[in-house]
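One structure, as structure tokens, below. Some questions next.
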Amino acid sequence: MARPKAFITRTLLPDAVDIVRQVADVEIWPDESPPPPDELRRRAADADGILTTIMDRVDADLMDAAPNLRAISQLAVGLDNVDVAEATRRGIPVGNTPGVLSKSTADLAFALLLGAARRTSESERWLRGGNWRLAFHPTHWLGQDVHEATLGIVGLGQIGLEVARRARGFDMRILYHSRTRKTDAESEYGVEYADFPALLSQADFIMLCVPLTSQTHHLISTAELAMMKPTAILINVSRGPVVDPQALYQSLHANRIAAAALDVTSPEPIPSDDPLLTLDNLTITPHIGSAALPTRLNTMKLAARNLAAALTGQRMETCANPEVYNGG
Ligand code: DGY
């Protein structure tokens with residue numbers, strides 16, 4: 001019997017590719033940039049399975065172009081680039097990578113929180129610019145304390161819970177808001193449920209950990225920013241479009257909130273002339289939340305195992321639409 005064909009849309013670490021090679025003939029997109037949509041459709045045309053990243057649009061057009069497709073494995077927990085409902089209609093399992101990257105993403109989220117509070121990027125830029133001419137000055141570079149401050153976590157999934165765990169070590173008061181109240185987490189992690197306006201108005205640090213959906217698109221815009229304290233710091237490690245970038249620019253530019261730290265932007269990559277990049281009170285990183293080597297390798301291996309499983313007729317380990325297994 002012919003071996004199945006797999007198309008992997010970016011270069012992965014070899015240990016992960018080997019997992020797929022054991023069960024399938026593998027083609028890998030070699031470029032640094034993701035395949036453009038027409039190229040993705042062309043390469044997927046005879047594929048039984050694809051391994052994708054957040055940069056690939058996996059929609060009905062792509063599925064139409066790939067009539068043999070029986071597995072979609074995404075190298076990410078977020079699936080906003082994949083039409084999961086359409087895949088489900090076609091009985092195609094969609095894998096993603098929850099859990100394995102939560103701790104690393106929470107580490108980066110906390111690094112951004114600490115960095116924005118203590119102005120590390122801003123003061124480093126100033127120092128490298130040759131501006132440190134006066135000796136230590138008692139009123140210069142005053143930031144905010146993190147310990148004992150109030151953190152508001154929006155979206156208490158696995159990443160949000162890991163952020164809460166870290167915040168406890170800093171003796172923070174932790175508020176959270178999510179679609180459903182999580183009473184077990186309240187006792188286990190010492191977090192308090194707050195309605196959205198209360199969280200926005202009480203938190204010193206607001207951390208966005210929600211997936212991008214039609215409900216969370218521009219969840220933070222002018223009205224929400226106006227509810228925050230003037231000393232508030234907004235951190236986004238979820239998806240760029242959760243924040244309205246123009247509203248954020250206006251709020252930061254006018255110092256209506258103190259600062260923001262973004263690991264994700266809208267669009268990605270952010271254009272080099274985006275006005276947000278002119279702001280000193282913005283800390284920004286290029287979507288590196290889960291980019292720690294051991295975590296990335298484990299994430300790649302999980303995505304590879306999901307693909308290999310589906311191509312050999314087994315259930316994916318982490319499947320976003322497990323209902324496909326019940327129908328047939
Ligand atoms: C995820 O897993 O969703 C991260 O944002 C990396 O893509």
Side-chain angles (χ1 to χ4, degrees), residues 8-13 16 28-29 31-35 40 50-59 72-84 87 93-113 153-163 166 178-179 207-217 219-220 234-243 245 260-270 283-307 316-321:
I8 300 179
T9 66
R10 302 301 271 283
T11 302
L12 303 183
L13 293 166
I28 302 174
W29 178 252
D31 292 1
E32 282 290 302
S33 295
L40 179 55
I50 51 176
L51 195 154
T52 55
T53 76
I54 56 167
M55 301 308 293
D56 305 312
R57 183 127 304 281
V58 183
D59 55 11
I72 298 167
S73 176
Q74 163 102 331
L75 178 76
V77 63
L79 283 165
D80 42 283
N81 59 309
V82 179
D83 188 341
V84 179
V94 176
N96 67 338
T97 58
V100 68
L101 46 69
S102 308
K103 287 177 193 282
S104 292
T105 306
D107 289 347
L108 192 274
F110 229 81
L112 289 176
L113 184 157
I153 302 175
V154 184
L156 201 67
Q158 296 188 58
I159 294 170
L161 285 171
E162 288 296 337
V163 169
R166 282 149 187 74
S178 64
R179 270 175 310 176
M207 175 76 75
L208 304 176
C209 298
V210 285
L212 174 62
T213 63
S214 51
Q215 281 84 46
T216 62
H217 184 267
L219 180 69
I220 301 293
L234 176 71
I235 303 115
N236 188 9
V237 291
S238 60
R239 286 290 183 267
V242 172
V243 176
L262 306 177
D263 184 46
V264 287
T265 59
S266 174
E268 281 183 19
I270 189 168
T283 300
I284 186 161
T285 49
H287 203 142
I288 58 170
S290 58
L293 179 57
T295 288
R296 187 52 58 75
L297 178 59
N298 286 337
T299 309
M300 288 178 181
K301 285 180 168 173
L302 175 55
R305 289 199 303 274
N306 277 338
L307 183 57
M316 287 181 171
E317 261 171 68
T318 46
C319 183
N321 57 348

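When a ligand or atom number is given, it counts from 1 through the structure's own listing order.
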Is Leu156 close to Leu161 at the side-chain level, that is, under 4.5 Å between some pair of heavy atoms?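 Yes, side chains in contact.
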Lining ligand 1 at under 4.0 Å, by non-hydrogen atom distance, are residues Ile54, Ala76, Val77, Gly78, Leu101, Arg239, His287, Ser290
Closest heavy-atom pair, Gly155 versus Val210, reported as atoms and distance to 0.1 Å, is CA-CG1, 3.6 Å
inquiry  = Side chains of Asn306 and Thr318: any donor to acceptor distance under 3.5 Å?
reply    = yes
Q. Gln74 pairs by side-chain hydrogen bond (donor to acceptor under 3.5 Å, both in side chains) with which of Asn96, Thr9, Thr53, Thr52?
A.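 Single side-chain hydrogen bond (donor to acceptor under 3.5 Å, both in side chains) partner of Gln74 among Asn96, Thr9, Thr53, Thr52: Thr52.
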key: Electrostatic pair Arg57-Asp83, nearest N-O below 4.0 angstrom   =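 No, no charged N to carboxylate O under 4.0 Å.
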Just to verify, what does Pro34 make a side chain to side chain contact (heavy atoms under 4.5 Å, CB included) with, not counting sequence neighbours?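 For Pro34 the side chain to side chain contact (heavy atoms under 4.5 Å, CB included) partners, ignoring immediate neighbours, are Arg10, Met55, Asp56.
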